[in-house]
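Step one of this worksheet: look at the structure below.
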Amino acid sequence: MENNHLTFSDFLSYVSRNSGMLWEYFVQHITMVVIGLGLAVVVGVPLGILCSKNKWAAKVILFITNILQVVPSLAMLVVLMLWLGLGMKTVMVGLFLYSLNPITRNTYVGLKQVDPSYLESGKGIGMSPLQLLVKVRFPLSLTYIMSGLRIAAVIAIGVVTIAPLVGGGGLGREIYAGLNTNNPLRIFAGAIPAAMLAIVADIVLGILQRKLDLSKRKSSAAAQAPAKIQNIG
Amino acid sequence: MIVLEHVNKLYDNGFHALKDINLEFKKGEITVLIGPSGCGKSTTMKLINALNTPSSGKVLIDGKDISGLNPVELRRNIGYVIQSVGLFPHMNISKNVGVVPRLKKWDQDKIEQKVNELLDMVGLDHTIYGNRYPSELSGGQQQRVGVIRALAADPDIILMDEPFSALDPISRESLQDELIRLQQDLHKTIIFVTHDMDEAIKIADTIVLMKDGVVVQTGRPDAILRHPANEFVRSFIGSKRLQNENESTYEIPLVDEVMITNPVTTFPNRGLAEAIKVMEMKRVDSLLIVDRNRQLQGVVSIYRVLDQYGEEGKTVADVMHPVRYSVASGSTLPQAIEIMDSHQLSNLPVIDSNNRFLGLITRGSVVKHLAEVYPTITHPLRNGEDE
């Protein structure tokens with residue numbers, strides 16, 4: 001490569017000169033990920049619930065979503081393109097299909113791992129099956145669902161960088177532009193934010209995942225004063 | 001009143017879990033279902049709130065066949081306590097206690113009032129514990145909450161499935177006492193499943209003994225102890241307990257009867273020289289340190305005091321050891337002796353529910369008590385007769 005004497009300041013000046021365009025790509029990138037994931041949650045969580053209710057449904061649904069995820073991302077997007085045409089829509093549908101498996105599977109596993117004693121106790125005190133789901137099973141599986149979302153988000157942020165190949169936007173466009181013009185600055189300007197986005201999403205969703213582990217929930221007051229104190233004075 | 005009429009339970013795999021059960025659970029009584037594991041006692045109990053349905057036969061509550069009722073509605077009117085507590089970990093204590101009233105769509109104010117009242121009733125200050133989560137409570141406290149959750153919607157019937165069996169012996173005893181105390185005010189119809197005969201004898205109005213899906217004997221605890229129906233009942237009760245019962249009305253003494261009520265104590269701010277003077281005067285080798293609120297702070301021995309005697313500024317509070325073992329007022333003497341024996345203690349303080357120091361069990365006080373209770377044992381020895 002001819003430009004191997006490029007410095008960090010060259011990079012910064014490139015980024016600042018093109019900040020408007022990069023920002024637009026960045027927003028497109030996030031939009032596609034959020035919409036794709038959103039669809040996957042809207043569809044995947046109910047599918048997970050269905051799986052937990054019926055063993056056969058679980059087998060079929062998990063089999064299909066698993067296949068969807070095993071298909072190489074490029075192949076999936078290209079096939080979808082034949083059907084939906086070029087554009088963002090194709091990318092978002094691809095992301096949706098791709099994220100379905102982790103979210104459905106984790107919802108299913110989360111609902112299944114709830115301690116049977118909570119279910120017995122909920123049933124025994126007179127909760128209907130729906131109330132049991134909404135008030136007991138679902139809250140206690142949130143951390144699993146969140147973990148599925150986290151896996152899906154990190155994958156989606158990666159996959160979406162190939163969006164330009166099927167006519168989508170996002171940071172991938174900058175990366176491909178860099179490749180085509182043999183300009184490392186443009187490659188970095190696309191790749192670094194995309195990588196950062198994946199890392200930040202992983203960390204933030206990881207924190208959320210731990211916060212939502214309600215099975216060991218603690219009150220905020222307990223950290224401060226033990227109840228014993230009243231006995232001494 | 002709850003009546004089971006010719007109830008059979010057959011599982012698909014051919015297992016005949018219940019065989020022609022006919023039972024009556026009297027209103028306002030504690031009926032204990034007891035038997036070895038797999039005898040069908042839990043299965044029988046779960047017939048009442050329709051967690052289990054009979055293959056044949058009827059379950060009647062106040063004359064109404066429950067198979068005609070909506071099971072969800074039925075369960076909301078029957079309290080339910082399970083062994084593993086089953087408090088929802090994602091709800092705080094108030095929410096847990098109020099869960100059935102919320103299902104029944106009570107008024108928010110009414111729920112809150114009821115929850116606070118119940119928490120205070122079992123000694124859990126609602127201002128402190130209401131906002132805590134189950135994982136922050138001890139096993140005993142959690143099961144207290146489990147019990148009052150069953151009481152929250154004021155049901156007439158409460159089912160308890162081995163509720164105390166996972167607790168340590170001391171919490172178990174105190175929860176049993178608490179249940180008896182609550183029942184004196186509440187007069188609920190309680191069906192209590194256990195495999196522990198001591199527990200059954202302690203709390204039951206009526207005991208139902210089961211084996212292999214059949215009711216073996218039903219009756220008052222006293223009647224079962226005096227007239228076991230057959231060899232199985234005899235062996236289940238245990239020969240020791242039968243003997244005790246036959247030997248008339250021997251009562252197990254409580255620690256409160258045995259303890260010394262005026263042991264030598266001192267305040268934490270006393271100096272070491274003072275401590276020695278007190279020990280000398282009272283002829284003891286150690287002192288209990290008790291503060292102004294009668295809270296037991298620690299214990300100090302003569303060796304410890306002499307060891308540190310050189311340092312003039314020190315008080316007994318500086319050299320004392322914490323008291324590691326104590327026993328609650330109302331415990332039985334055998335419990336105290338067991339603690340003393342297993343931890344090699346020469347004495348054991350007795351404290352009340354507010355941690356106030358009441359007295360001291362010493363080896364001397366135990367011997368003295370036994371001598372008073374068993375004058376006939378010492379008598380022949382005094383006469384030099386050998387048995």
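Throughout, protein chains are lettered first and strands after them, A, B, ... in sequence-line order, and every chain is numbered starting at 1. What you see is a predicted model; the values in this text were computed from it and never measured.
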Notebook entry, point to check: What are the two closest non-hydrogen atoms of B:Arg294 and B:Val290, and how far apart are they?
Noted result: CA-CG1, 3.4 Å
Notebook entry, point to check: Do B:Thr43 and B:Asn52 have side-chain N/O donor and acceptor atoms under 3.5 Å apart?
Noted result: no
Item checked: Set of residues satisfying salt bridge (Lys or Arg N to Asp or Glu O under 4.0 Å) with respect to B:Glu178, sequence neighbours excluded -> B:Arg144, B:Arg181
Item checked: Close approach to chain B in residues 125-148 of chain A, criterion heavy atom under 4.5 Å -> A:Ile125, A:Gly126, A:Met127, A:Ser128, A:Gln131, A:Lys135, A:Val136, A:Pro139, A:Leu140
Margin query: Less than 4.5 Å to any heavy atom of chain A: does that hold for the side chain of B:Lys104, its backbone, both, or neither?
Written below: neither
Check: Is there side-chain contact between B:Val81 and B:Gln143, with heavy atoms separated by less than 4.5 Å?
Finding: yes
Notebook entry, point to check: Is the ring centre of B:Phe88 less than 6.0 Å from the ring centre of B:Tyr133?
Noted result: no
Notebook entry, point to check: What residues of residues 190-199 of chain A sit under 4.5 Å from chain B when only non-hydrogen atoms are counted?
Noted result: none
Notebook entry, point to check: Can you check whether B:Asp291's main-chain N or O pairs, donor with acceptor, with B:Gln297's side chain at less than 3.5 Å?
Noted result: no
Next item on the list: Work out which heavy atom in B:Ile351 is nearest to a heavy atom in B:Phe357; give both atom names and the distance.
Entry: CG2-CA, 4.2 Å
Notebook entry, point to check: Non-hydrogen atoms of chain A under 4.5 Å away: do they reach the side chain of B:Asn49, the backbone, both or neither?
Noted result: side chain
Check: Between the side chains of B:Ser67 and B:Asp65, does any donor sit under 3.5 Å from an acceptor?
Finding: yes
Next item on the list: Apply side-chain hydrogen bond (donor to acceptor under 3.5 Å, both in side chains) to the pair B:Glu136 and B:Tyr129, showing each step before the final yes or no.
Entry: CA-CA 9 Å; B:Glu136 296 166 302; B:Tyr129 290 98; over 6 Å; no
Notebook entry, point to check: Between B:Gln141 (side chain) and B:Ser138 (backbone), is there a donor-acceptor pair under 3.5 Å?
Noted result: yes
Notebook entry, point to check: Quick one: which residues of residues 44-61 of chain A reach chain B at under 4.5 angstrom, heavy atoms only?
Noted result: none
Next item on the list: Between chain A and each of B:Glu73, B:Lys46, B:Arg292, B:Arg76, count heavy-atom pairs under 4.5 Å; write down the option with the most.
Entry: B:Arg76
Notebook entry, point to check: Are the side chains of B:Phe192 and B:Thr31 in touch, meaning some heavy atoms are under 4.5 Å apart?
Noted result: no
Notebook entry, point to check: Are B:Asp156 and B:Lys188 within salt-bridge range, i.e. N to O under 4.0 Å?
Noted result: no
Notebook entry, point to check: So does A:Arg173 pair up with A:Glu24, basic N to acidic O under 4.0 Å?
Noted result: no
Note to self: Just checking B:Asn13: does its CG atom have more than 12 heavy atoms from other residues, nucleotides or ligands closer to it than 6.0 angstrom?
What the structure shows: yes
Next item on the list: Among the options B:Asp161, B:Leu103, B:Asn77, pick out the one with the most heavy-atom pairs lying under 4.5 Å from chain A.
Entry: B:Leu103
Margin query: For the backbone of B:Ser171 and the side chain of B:Ser174, can you confirm whether one donor and one acceptor N or O come within less than 3.5 Å of each other?
Written below: yes
